[in-house]
Protein chains: 4
Amino acid sequence: MSKIDKKQEILKAALELFAEQGFHGAPMSKIAEKAGVAAGTVYCYFESRDILIHELFLEVKERINRFLYDRRIIEGTVRERFQTVISGLLRYFVTHPEDFRYLEQFHNSPYGVEYRRIRFFGSTGEEDRMKSLFTDGMKQKVIKDIPMVILFSLTLGPLFDVARDHILGFIQLDDDLVQLTVNACWD
Amino acid sequence: MSKIDKKQEILKAALELFAEQGFHGAPMSKIAEKAGVAAGTVYCYFESRDILIHELFLEVKERINRFLYDRRIIEGTVRERFQTVISGLLRYFVTHPEDFRYLEQFHNSPYGVEYRRIRFFGSTGEEDRMKSLFTDGMKQKVIKDIPMVILFSLTLGPLFDVARDHILGFIQLDDDLVQLTVNACWD
Amino acid sequence: MSKIDKKQEILKAALELFAEQGFHGAPMSKIAEKAGVAAGTVYCYFESRDILIHELFLEVKERINRFLYDRRIIEGTVRERFQTVISGLLRYFVTHPEDFRYLEQFHNSPYGVEYRRIRFFGSTGEEDRMKSLFTDGMKQKVIKDIPMVILFSLTLGPLFDVARDHILGFIQLDDDLVQLTVNACWD
Amino acid sequence: MSKIDKKQEILKAALELFAEQGFHGAPMSKIAEKAGVAAGTVYCYFESRDILIHELFLEVKERINRFLYDRRIIEGTVRERFQTVISGLLRYFVTHPEDFRYLEQFHNSPYGVEYRRIRFFGSTGEEDRMKSLFTDGMKQKVIKDIPMVILFSLTLGPLFDVARDHILGFIQLDDDLVQLTVNACWD
DNA sequence: AATGAATGAGACTTCATTCAT
DNA sequence: TATGAATGAAGTCTCATTCAT
């Protein structure tokens with residue numbers, strides 16, 4: 001197994017365990033075992049547990065960005081682009097429940113707190129595209145002139161909540177529901 | 001200090017530590033110390049750490065119910081009652097950030113998972129009032145006929161997100177913003 | 001409840017718990033609860049746990065002595081007196097399994113060790129009578145001239161073992177078996 | 001020190017402490033210290049304290065079986081074979097007082113209770129040989145036809161008692177006494 | 001004498017991390 | 001690089017004992 005493969009194997013094992021058991025239920029030894037390496041080996045790739053957790057977050061975020069980037073539409077009305085992004089995200093979460101669960105774990109822990117702040121001061125990737133989308137929308141008067149952060153909360157909040165309900169098995173997401181959710185987010 | 005006072009003191013210390021540091025960062029020893037009692041004393045009031053965590057959840061839930069109950073309006077249009085509940089909740093969270101933080105911690109942990117399910121099958125208290133509000137709204141055709149769970153996600157989701165942003169200091173909630181959020185939830 | 005009653009109640013509770021659960025499984029709080037008194041009250045009657053355990057031993061020993069004393073026969077051959085003592089002891093243990101279990105616990109613990117030594121240097125009560133019985137037997141040449149301690153082991157050992165097997169339910173002691181055991185002890 | 005050595009070192013330390021101080025007086029920390037390892041290391045070899053205690057029992061039992069197996073005589077009269085086994089056991093206990101003390105502790109504790117029952121339903125090792133010896137004896141009418149369990153009690157009981165008295169220093173076992181005890185057991 | 005809440009030492013156990021191989 | 005045995009700090013919980021009431 002190449003170096004990169006082994007690192008990926010560890011990240012994958014960590015993701016699955018964190019998603020299923022939470023941070024608390026996934027000691028380094030279990031992660032190593034699931035990844036098929038020795039306990040000490042993990043430290044060849046990640047200096048500490050904290051760093052592993054952070055790198056995994058970046059990895060997941062990057063995956064989402066790549067996914068959305070591939071399906072992006074630059075042309076079209078703000079409404080259409082919004083629809084694309086939101087339904088894309090929703091579909092991603094539904095098809096990658098472990099990524100979703102991990103993001104939730106991460107944000108809801110001391111680890112994630114600092115990232116909320118970083119988000120506020122700007123970051124790279126998908127969020128930028130989202131922001132420019134909102135900015136365009138506001139310019140065209142199709143989106144109300146609300147502080148950006150609130151906009152984020154209002155649109156992404158329901159998205160996360162619906163995704164969570166789906167993953168927990170409370171609801172079954174079909175195309176109609178996706179559409180419904182997107183509409184709700186838009187409204 | 002009376003027995004009840006001491007129990008409250010422990011709950012208070014636990015709430016603050018859990019809210020600030022998460023479950024992981026708040027060992028029983030710290031809770032005891034912050035409450036001004038010996039380590040063993042906590043076990044006079046709570047059989048185990050898990051039970052303390054659960055009782056604290058019930059306590060917080062109860063506080064919220066009491067708060068909303070005191071400000072409830074039974075008369076009025078669905079829209080007005082909705083406004084009352086939502087803005088009430090928002091105000092509660094903003095003025096009781098530790099309760100809010102704790103609820104988040106709790107729901108996002110193995111402890112809280114079972115409660116999501118319980119919520120689904122109905123429970124007592126505020127959620128019932130919320131449901132009947134939604135039911136009334138749907139009957140009067142002022143609320144779209146969407147599955148109840150989704151409705152919860154769509155309305156409470158933004159509420160939680162905005163509250164979180166305020167508590168984290170990203171935004172300053174004023175009356176305008178509260179109104180804005182309520183409107184968004186309603187939409 | 002009089003003072004003496006209360007002390008007896010505590011001893012009784014301790015006996016039952018120690019017999020059933022062993023020393024390890026019977027904390028002072030349980031003993032107090034079973035005795036119907038508060039935890040602190042036990043310390044009005046027994047300075048410490050160790051002292052309670054020792055006094056309970058003396059109590060049990062005393063009960064056995066009284067039981068045998070009531071049924072003693074001074075007249076008769078050595079063989080007859082031996083038969084009386086041994087079958088009496090056996091019957092006592094069978095009808096008082098908790099006393100028996102306690103004695104076993106006690107002797108098989110750091111607490112009991114010193115009493116083995118004391119026994120060696122002589123003590124009061126039943127053992128004296130047993131000794132004089134053996135001495136008489138040896139004088140009359142009906143008992144082999146073996147060191148007293150060995151004699152004790154050889155005669156009381158089987159007795160304890162049979163009693164234990166009965167209490168544990170491995171065997172059912174009837175008159176025949178009692179007789180058999182007495183004979184074996186005598187042999 | 002090799003892995004096996006370290007495991008043996010821990011078992012040895014545990015044996016000595018349990019024999020000297022009883023289960024109660026030998027916490028894991030002391031065992032580890034005596035074995036010359038860190039506290040956590042014990043758990044590399046034994047999942048829990050209970051498991052350590054059980055494995056130590058098996059270890060001691062195995063040692064005794066090996067010892068007797070090496071000195072076994074298959075030929076000879078029942079009386080001779082009996083003599084070999086009993087005096088062998090006695091010598092073993094006298095030369096391995098810690099093993100003896102440990103067996104006593106073990107059987108007289110919640111841990112050992114289940115083994116009494118197992119013994120009853122048969123087990124491997126030395127006890128089988130003992131049983132077949134008794135069976136042969138009964139067939140040849142040199143041993144009375146008594147239930148097997150009683151026979152065990154009657155023969156092994158004195159053996160244990162004499163061994164205990166020797167180990168506690170009450171008596172000095174010499175060849176004569178060994179012979180005497182064997183005779184007594186046989187009778 | 002009696003209470004029982006409170007104490008705190010100490011027990012068992014887990015696990016992130018290190019390091020000799 | 002990789003290993004995995006070893007470490008030991010830290011966590012949860014128990015319980016004999018004390019003491020203000």
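Quantities reported herein were computed from a predicted structural model and do not represent experimental measurements. Residue numbers begin at 1 in each chain, while the letters A, B, ... track the order of the sequences.
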A.B. asks: Once rounded to the nearest 0.5 Å, what's the spacing between atom CG of D99(D) and atom CD1 of I167(D)?
C.D. replies: 9.5 Å
A.B. asks: So that I can tick it off, tell me whether R101(B) and E98(B) are bridged by a salt bridge, with the cut-off set at under 4.0 angstrom between side-chain N and carboxylate O.
C.D. replies: no
A.B. asks: Mind checking side chain to side chain donor-acceptor pair (under 3.5 Å) for E16(D) and listing every partner two or more places apart, or none if nothing turns up?
C.D. replies: K34(D)
A.B. asks: Nearest-Å distance, CZ (F46(A)) to C1' (dT1(F))?
C.D. replies: 15 Å
A.B. asks: Give a yes/no on whether any side-chain N or O of K6(C) is located under 4.0 angstrom from OP1 or OP2 of dA1(E).
C.D. replies: no
A.B. asks: L52(C) CG to dT17(F) P: how many Å, rounded?
C.D. replies: 10 Å
A.B. asks: How many Å lie between CD1 on I31(A) and P on dG4(F), as a whole number?
C.D. replies: 17 Å
A.B. asks: Can you list, pair by pair, the side-chain donor-acceptor contacts under 3.5 Å of residues 40-58 of chain A, counting residues two or more places apart and other chains?
C.D. replies:
| unit_1 | atom_1 | unit_2 | atom_2 | d |
| --- | --- | --- | --- | --- |
| T41(A) | OG1 | A38(A) | O | 3.4 |
| S48(A) | OG | D50(A) | N | 3.4 |
| S48(A) | OG | I51(A) | N | 3.3 |
| R49(A) | NH2 | F23(A) | O | 2.9 |
| R49(A) | NH2 | A26(A) | O | 2.6 |
| H54(A) | ND1 | D50(A) | O | 3.1 |
| E55(A) | OE1 | K7(A) | NZ | 3.4 |

A.B. asks: Is the distance between the ring centroids of F106(C) and F18(C) less than 6.0 Å?
C.D. replies: no
A.B. asks: Check whether any side-chain heavy atom of R63(C) lies under 4.5 Å from a side-chain heavy atom of H96(C), and answer yes or no.
C.D. replies: no
A.B. asks: Quick one: which protein N/O atoms are closer than 3.5 Å to N/O atoms of nucleotides 13-15 of chain F? Pair and distance per line, please.
C.D. replies:
| unit_1 | atom_1 | unit_2 | atom_2 | d |
| --- | --- | --- | --- | --- |
| dC13(F) | OP2 | Y43(B) | OH | 2.8 |
| dC13(F) | OP2 | R49(B) | N | 2.9 |

A.B. asks: Measure CD/E33(A) against P/dT3(F) and give the value in whole Å, please.
C.D. replies: 13 Å
A.B. asks: Using whole Å, what does the distance between atom P of nucleotide dA2(E) and atom NZ of K7(C) come to?
C.D. replies: 12 Å
A.B. asks: So what does Y45(A) touch, heavy atoms closer than 4.0 Å: a base, only the sugar-phosphate, or nothing?
C.D. replies: sugar-phosphate
A.B. asks: Hey, could you give me each pair passing side chain to side chain donor-acceptor pair (under 3.5 Å) that has a residue in residues 18-29 of chain D? Not counting sequence neighbours.
C.D. replies: none
A.B. asks: Atom CD1 of I51(C) to atom C1' of dA16(F): distance rounded to whole Å?
C.D. replies: 13 Å
A.B. asks: Got a sec, which residues hit side chain to side chain donor-acceptor pair (under 3.5 Å) with Q105(D), two or more places apart in sequence or on another chain?
C.D. replies: none
A.B. asks: What's the CD-C1' distance between E9(C) and dA2(E), to the nearest Å?
C.D. replies: 16 Å
A.B. asks: How many Å lie between NZ on K30(D) and P on dG8(F), as a whole number?
C.D. replies: 20 Å
A.B. asks: R66(C): what forms a salt bridge (charged side-chain N to carboxylate O under 4.0 Å, His left out) with it, not counting sequence neighbours?
C.D. replies: E62(C)
A.B. asks: Using Watson-Crick or G-U wobble pairs with both distances under 3.5 Å, give me DNA chain F in dot-bracket, 5' to 3', with [ ] for crossers and | for pairs to another strand.
C.D. replies: .||||||||||||||||||||
